[in-house]
S.K.: 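I have a structure I would like to understand better, so I am pasting it below and will then ask my questions one at a time.
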2 protein chains.
Amino acid sequence: MLLLSAARALVDGIDAGVRASGFTGLRPAHGYAFARLSGAGATVTELAEHLEITKQAASQMADELVQKGYVERRPHPTDARARLLVLTPQGEACTRAADAAAEQTLRPWAESLTPAELAGLRAALARLATPGRIRPTW
Amino acid sequence: MLLLSAARALVDGIDAGVRASGFTGLRPAHGYAFARLSGAGATVTELAEHLEITKQAASQMADELVQKGYVERRPHPTDARARLLVLTPQGEACTRAADAAAEQTLRPWAESLTPAELAGLRAALARLATPGRIRPTW
DNA sequence: AGAATTAGTCAAGCTGCTTGACCAAATAGT
DNA sequence: ACTATTTGGTCAAGCAGCTTGACTAATTCT
């Protein structure tokens with residue numbers, strides 16, 4: 001229960017921080033999309049797999065993010081069917097704001113632990129966590 | 001990120017365990033309703049506040065749980081407007097199954113820590129967690 | 001007693017997701 | 001090389017879970 005509540009607090013903190021930085025019209029779910037698109041970008045299909053939703057839903061979300069100026073559709077360099085989704089500068093700024101908000105939310109918590117405790121906790125969480133499956137989806 | 005992933009793993013574990021115990025037609029969100037109803041029960045309004053949804057949505061969820069045999073509507077002992085939602089024996093069995101599944105999911109994790117580490121972790125999570133706000137909702 | 005509040009439901013509507021059908025590009029099978 | 005299958009993406013329709021809005025009945029306030 002504590003674990004779930006803490007996760008909720010983190011999400012709320014990130015969401016509030018992003019909103020406070022002036023990025024509007026974003027739901028927490030978008031953060032998981034940003035995480036996948038950040039860097040080299042991804043296709044709609046890859047995004048769908050990452051979010052564990054259908055291609056249609058992922059495409060729809062991409063439309064929304066494009067329309068809001070966070071994402072850009074580019075032709076795929078090697079596959080003429082596919083289109084590469086890439087973060088715009090605004091999208092990247094938003095991910096930086098989200099990272100900062102997460103860091104800020106966790107700061108008082110991290111400070112209350114010794115580095116050794118923190119490392120142990122991190123390792124313990126890593127053991128329980130299923131890699132990739134980040135979004136709670138319920 | 002690890003925190004979110006671990007929370008997801010826990011929810012998945014509980015959901016799978018409950019399903020494996022033969023309780024069908026339940027979504028993880030129902031677990032949070034059960035947690036509130038367990039014990040003395042609650043009114044629709046109290047359930048709505050706990051889940052942070054509207055009374056209408058809570059009432060609808062209650063209908064669904066009644067229809068599936070997990071919850072019962074009783075007249076409220078002191079307020080003739082209100083109706084008390086109470087878990088049926090099947091509903092209580094389900095919460096026990098959920099508790100067991102949670103315990104089982106966390107077992108390998110708890111075993112890898114010393115009791116002192118576990119206590120420290122619990123305290124740290126409690127400091128970050130916002131009381132009551134359990135459901136991530138995104 | 002009358003006014004305002006509170007518990008709950010009915011109805012309609014929206015949003016984010018799903019399934020199903022389809023086209024165009026790429027890959028595999030001979 | 002040329003068909004056959006697979007793969008990336010979109011269009012369309014539908015569904016589930018939630019919302020806002022309007023209302024009734026019981027309760028509480030003054």
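Below, chains carry the letters A, B, ... as their sequence lines are ordered, and counting in each starts from 1.
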S.K.: Once side-chain hydrogen bond (donor to acceptor under 3.5 Å, both in side chains) is applied, do any residues pair with Asp79(A), and if so which ones, sequence neighbours excluded?
M.R.: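 Checked Asp79(A) against side-chain hydrogen bond (donor to acceptor under 3.5 Å, both in side chains); matches are Arg81(A).
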S.K.: With Gln104(A), which residues qualify under side-chain hydrogen bond (donor to acceptor under 3.5 Å, both in side chains), at least two apart?
M.R.: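 Applying side-chain hydrogen bond (donor to acceptor under 3.5 Å, both in side chains) to Gln104(A) gives none.
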S.K.: Linking I/L/V/M/F/W/Y whenever any side-chain heavy atoms sit under 4.5 Å apart, do Leu125(A) and Leu106(A) land together?
M.R.: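 Yes; Leu106(A) is reachable from Leu125(A) via cluster members.
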S.K.: Roughly, in whole Å, what's the span from CD in Glu52(A) to P in dC17(C)?
M.R.: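 Distance check: Glu52(A) CD to dC17(C) P gives 13 Å.
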S.K.: Closer than 4.0 angstrom, basic N to acidic O: yes or no for Glu46(A) and Lys55(A)?
M.R.: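 No, this pair does not count.
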S.K.: Please report the distance, rounded to the nearest Å, between CG in Leu51(A) and C1' in dC17(C).
M.R.: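 Rounded to whole Å, this separation is 12 Å.
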S.K.: Using the 3.5 Å cut-off, write out each protein N or O paired with an N or O of nucleotides 1-3 of chain C and the distance between them.
M.R.:
none

S.K.: Considering only nitrogen or oxygen atoms on both sides, find all protein atoms under 3.5 Å from nucleotides 13-17 of chain D and state each distance.
M.R.:
residue	atom	partner	partner atom	Å
dG17(D)	OP1	Arg27(B)	NE	2.9
dG17(D)	OP1	Arg27(B)	NH2	3.4

S.K.: With distance as the sole criterion, do the side chain of Gln56(B) and the base of dG21(D) form a donor-acceptor contact below 3.5 Å?
M.R.: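 A donor-acceptor contact between them is present.
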S.K.: Could you list the residues that satisfy side-chain contact (heavy atoms from CB on, under 4.5 Å) with Ala57(B), not counting sequence neighbours?
M.R.: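 With sequence neighbours excluded, Ala57(B) shows a side-chain contact (heavy atoms from CB on, under 4.5 Å) to Ile53(B), Thr54(B), given in chain and number order.
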S.K.: Restricting to pairs with a member in residues 58-68 of chain A, which pass side-chain hydrogen bond (donor to acceptor under 3.5 Å, both in side chains), not counting sequence neighbours?
M.R.: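 Passing the test, one end in residues 58-68 of chain A: Asp63(A)-Arg73(A), Glu64(A)-Lys68(A).
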S.K.: Mind jotting down which residue pairs meet the ring pair (Phe, Tyr, Trp, His ring centres under 6.0 Å) criterion with at least one end in residues 77-130 of chain A? Sequence neighbours excluded, please.
M.R.: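 Checked against ring pair (Phe, Tyr, Trp, His ring centres under 6.0 Å) - neighbours excluded - no pair reaches residues 77-130 of chain A.
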S.K.: Would you say Thr43(A) and Leu85(A) make side-chain contact, with heavy atoms under 4.5 Å?
M.R.: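 No. Closest side-chain heavy atoms not under 4.5 Å.
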S.K.: With the sugar-phosphate defined as primed atoms, P, OP1 and OP2, and the base as all remaining atoms, what B/S/- string results for nucleotides 4-9 of chain D, 5' to 3', for protein heavy atoms under 4.0 Å?
M.R.: ---BBB
S.K.: Closer than 4.0 Å, any side-chain N/O of Thr54(B) to the OP1 or OP2 of dT19(D)?
M.R.: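 For dT19(D), OP1/OP2 do have a side-chain N/O of Thr54(B) under 4.0 Å.
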S.K.: Salt bridge (charged side-chain N to carboxylate O under 4.0 Å, His left out) between Glu111(B) and Arg127(A): does it pass, once the steps are laid out?
M.R.: CA-CA 12 Å; Glu111(B) 280 175 355; Arg127(A) 215 168 308 128; over 6 Å; no
S.K.: With sequence neighbours left out, what residues match Arg27(A) under side-chain hydrogen bond (donor to acceptor under 3.5 Å, both in side chains)?
M.R.: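 Arg27(A): side-chain hydrogen bond (donor to acceptor under 3.5 Å, both in side chains) contacts with His30(A).
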S.K.: Would you mind listing every ring pair (Phe, Tyr, Trp, His ring centres under 6.0 Å) that reaches into residues 86-108 of chain A, with sequence neighbours excluded?
M.R.: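 Not a single pair qualifies under ring pair (Phe, Tyr, Trp, His ring centres under 6.0 Å).
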S.K.: Scan for ring pair (Phe, Tyr, Trp, His ring centres under 6.0 Å) pairs involving residues 51-76 of chain A, sequence neighbours excluded, and state none if there are none.
M.R.: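 Residue pairs with at least one partner in residues 51-76 of chain A: Phe34(A)-Tyr70(A).
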S.K.: For the helix from dA1(C)-dT30(D) to dT30(C)-dA1(D), what angle lies between the axis at the first five pairs and the axis at the last five pairs, to 10 degrees?
M.R.: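 That helix gives 30° between its end axes.
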S.K.: Taking the side chain as every heavy atom from C-beta outward, state whether Met61(B) and Leu51(B) have any pair of such atoms under 4.5 Å apart.
M.R.: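 Yes, side chains in contact.
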S.K.: Applying a 4.0 Å non-hydrogen cut-off, can you work out what Ala80(B) is touching in the nucleic acid: base, sugar-phosphate, or nothing?
M.R.: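 Since only primed, P, OP1 and OP2 atoms lie under 4.0 Å of Ala80(B), the category is sugar-phosphate.
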S.K.: Expressed in angstrom and rounded to an integer, what is the separation of Tyr32(A) atom OH from dG16(C) atom P?
M.R.: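 In whole Å, dG16(C) P lies 17 Å from Tyr32(A) OH.
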